[in-house]
K.L.:
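One structure is given below, represented as structure tokens, and several questions about it will come after.
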Protein chains: 2
Amino acid sequence: MDDPTPIRAGTAAWWLARTENADDRPRRRRMLSLELIADAALSLLDTEGAEALTMRRLAQRLECSQAALYRHVTSRDELVVVAMDRAVGLGLRPPPEGLGWRESVEWQSHSFRDFLLAHPGLVVFMRGTERLSPTSLSGLEHSIAQFVGIGLTVREAYATASAFATFVVGSVQFNLGVDTADPEEQRMRRRLYEGLDPDRHPILTAHAEELSRVGSRDEFEFGLAALLDAIEARITG
Amino acid sequence: MDDPTPIRAGTAAWWLARTENADDRPRRRRMLSLELIADAALSLLDTEGAEALTMRRLAQRLECSQAALYRHVTSRDELVVVAMDRAVGLGLRPPPEGLGWRESVEWQSHSFRDFLLAHPGLVVFMRGTERLSPTSLSGLEHSIAQFVGIGLTVREAYATASAFATFVVGSVQFNLGVDTADPEEQRMRRRLYEGLDPDRHPILTAHAEELSRVGSRDEFEFGLAALLDAIEARITG
DNA sequence: ACCTGAACACCGTTCAAGT
DNA sequence: ACCTGAACACCGTTCAAGT
């Protein structure tokens, strides 16, 4: 009696069905619960990395059978979305009181980035499917309100809030493969730049040493400052 | 006689070894080559999606055994990095002549984004490990030169070029899970917003219809304009 | 010298069979 | 009503055995 065309996890329809049915869902006491599974998934990601998130290892950690997991979750994809919803809840921290809008947005961006960097196992799974979760929507509402408060239209505020989220998550994601802060990686990078053909790469060869030390952090700071400047320009004139 | 501590694909050391040894590597005529494998991988990604990139299916497409692939590539990870290098080569198009710097950067950003959107299967695999490939480094040199030409320091130009790459790839990546342009998705999103608690979500409920139509495109345009404005501000003031 | 079949240790998911 | 063992159809990777 399952739905013949299953709804893909993370779509609006999926989150809609989830929030609408929240109250009628059976709430018997059980050993296993969706929350317990999602939290176990997050701790698995933290301790053993992204590749370790398998149904087998999760079941092992929860001391149940693999099949038992499918009682609370229809697929691994769905589990991932639910786990990311929880992760967002853990990562979003309210900024300290009394900051101006710029410092506040800056603080929140850094805070969420630091959270992602501290939990690299999560990052691969952040694909935007957690954006409509209750947790994310609370953050979104708050973020839009902040931007409307300084003079943006609702629509602008929404796009702006989304762009910040996209940039913060995106910049961590696009730098996952390689650790640019690692001195050994920097040394190798320098040798790579130095060894290029100077005719075809005049700048990279000439500034090999300096450029080998520029990393994902610099990229992030530049982009963040740019986004903040753009808002400032828009509201002042 | 293999290296006891294998070098991770995509690190500077890996690209270094690859470019330094390029000339001594045996160049016998073979049916199979690294380029052929990488291109087959890309076409597999295009026609069957990201999950279809397996060694088995690739071997099937190339009419060889799985084991034969490991003669040209030490692991699936390495294959992915090589394939992404080729993808970057396909995606980077030189801008039309005669554009100003702003229009040129804008054109390049849109052009690469459109490439990624047209080949969604690739995007998951863009994790920054292809940044040091010969193809990417050519693009980087060109991009830095462009920014130095309008007055940025070499270091700023490097961070700026990286931030653009990060933002373009990141924004596509963070919107992979859900198609915000799909009318059905928009309709569901509207219902989701409308159904929220108006006390806790005053803006989302009040502007549900308008906000349900804002998508990843708007995010991207806002962020791109912000980055461009920031450069403009830096060089004029 | 080059390639392959077959195996190994894993996956996600299902379902008849148990209690 | 709930849970599980065992199976199914897949993975990436290795290697003895072939030619």
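The sequence lines fix the lettering, A, B, ..., with proteins before strands; numbering per chain opens at 1. Just so you know, these numbers use all the heavy atoms, side chains as well, and skip hydrogens, waters and symmetry mates.
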K.L.:
How many Å lie between CD on A:Glu48 and P on C:dC11, as a whole number?
P.N.:
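That distance rounds to 10 Å.
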
K.L.:
Rounded to the Å, how far apart are A:Leu69 CG and C:dC11 P?
P.N.:
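Value for this atom pair: 13 Å.
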
K.L.:
For the residue pair A:Arg93 and A:Phe115, would you count it as a cation-pi contact if the rule is NZ or CZ under 6.0 angstrom from the ring centre and within 45 degrees of the ring axis?
P.N.:
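Checked: cation-pi criterion not met.
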
K.L.:
Which one, D:dT13, C:dT13, D:dC3, comes nearest to the side chain of A:Ser75?
P.N.:
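Comparing D:dT13, C:dT13, D:dC3 against the side chain of A:Ser75, the answer is C:dT13.
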
K.L.:
For A:Met84, which of A:Arg127, A:Arg131, A:Glu130 qualifies under side-chain contact (heavy atoms from CB on, under 4.5 Å)?
P.N.:
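Going through A:Arg127, A:Arg131, A:Glu130 one by one, the side-chain contact (heavy atoms from CB on, under 4.5 Å) with A:Met84 is satisfied by A:Glu130 alone.
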
K.L.:
Within this structure, what is the CD-to-C1' distance between A:Glu63 and D:dT4, rounded to whole angstrom?
P.N.:
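Answer to the nearest Å: 15 Å.
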
K.L.:
Distance only, no hydrogens: is a donor on one side chain within 3.5 Å (strictly under) of an acceptor on the other, for A:His110 and A:Glu221?
P.N.:
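Indeed, the side chains of A:His110 and A:Glu221 share at least one donor-acceptor pair under 3.5 Å.
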
K.L.:
With respect to the phosphate group of C:dC11, does any side-chain polar atom (N or O) of A:Thr54 fall under 4.0 Å of OP1 or OP2?
P.N.:
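For C:dC11, OP1 or OP2 has a side-chain N or O of A:Thr54 closer than 4.0 Å.
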
K.L.:
Over how many whole Å does the gap from B:His72 atom NE2 to D:dT13 atom C1' extend?
P.N.:
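Going from B:His72 (NE2) to D:dT13 (C1'), I get 17 Å.
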
K.L.:
For the side chain of A:Arg57, starting at C-beta, report the closest nucleotide among C:dC11, D:dG12, C:dC15.
P.N.:
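Among the listed nucleotides, the one closest to the side chain of A:Arg57 is C:dC11.
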
K.L.:
If pairing requires Watson-Crick or G-U wobble contacts with both distances under 3.5 Å, which nucleotide is the partner of D:dT19?
P.N.:
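When the pairing criteria are applied, C:dA1 turns out to be the nucleotide that pairs with D:dT19.
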
K.L.:
Tell me the interatomic distance from A:Glu51, atom CD, to C:dC10, atom C1', rounded to whole angstroms.
P.N.:
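So the CD-C1' distance, A:Glu51 to C:dC10, works out to 13 Å.
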
K.L.:
Report yes or no: do B:Thr166 and A:Glu219 form a side-chain donor-acceptor pair below 3.5 Å?
P.N.:
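Short answer, yes.
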
K.L.:
Calculate the interatomic distance between B:Leu58 atom CG and D:dC10 atom C1'; express it in whole Å.
P.N.:
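It is 16 Å, rounded to the nearest whole Å.
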
K.L.:
What's the closest nucleotide to the A:Tyr70 side chain, out of C:dT13, C:dC2, D:dC2?
P.N.:
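Of the options given, the side chain of A:Tyr70 lies nearest C:dT13.
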
K.L.:
Measure from the side chain of A:Gln66, starting at C-beta and using heavy atoms only, and say which of C:dG12, D:dC11, C:dG5 lies closest.
P.N.:
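Of the options given, the side chain of A:Gln66 lies nearest C:dG12.
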
K.L.:
Identify whether any heavy atom of A:Leu53 sits under 4.0 Å from a base atom; if not, whether one sits that close to sugar-phosphate; answer base, sugar-phosphate or nothing.
P.N.:
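Answer is sugar-phosphate: A:Leu53 comes under 4.0 Å of backbone atoms only.
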
K.L.:
Taking a pair as Watson-Crick or G-U wobble with both distances under 3.5 Å, which nucleotide is matched to C:dT13?
P.N.:
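Pair assignment: C:dT13 / D:dA7.
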
K.L.:
If you find the nucleotide of DNA chain C closest to A:Ala52 and the one closest to A:Ala67, which residue's nucleotide is nearer the 5' end?
P.N.:
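Looking at DNA chain C, the more 5' nearest nucleotide goes with A:Ala52.
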
K.L.:
Below the 4.0 Å mark, does D:dC11 have OP1 or OP2 next to a side-chain nitrogen or oxygen of B:Arg76?
P.N.:
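False: B:Arg76 side-chain N/O out of range (4.0 Å or more) of D:dC11 OP1/OP2.
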
K.L.:
Measure the distance from CE on B:Met55 to C1' on C:dC10 and round it to the nearest whole Å.
P.N.:
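Those two atoms, CE and C1', are 16 Å apart.
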
K.L.:
Between D:dC11, D:dC3, C:dG5, which nucleotide gets closest to the side-chain atoms of B:Arg56?
P.N.:
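In terms of side-chain proximity for B:Arg56, the closest of D:dC11, D:dC3, C:dG5 is D:dC11.
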
K.L.:
Less than 3.5 Å apart, any donor N or O on the side chain of B:Ser75 or B:Arg8 sitting next to an acceptor on the other?
P.N.:
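The answer is no; no qualifying pair exists.
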
K.L.:
What is the distance from CD of A:Gln60 to P of D:dT4, rounded to the nearest Å?
P.N.:
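A:Gln60 atom CD is separated from D:dT4 atom P by 14 Å.
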
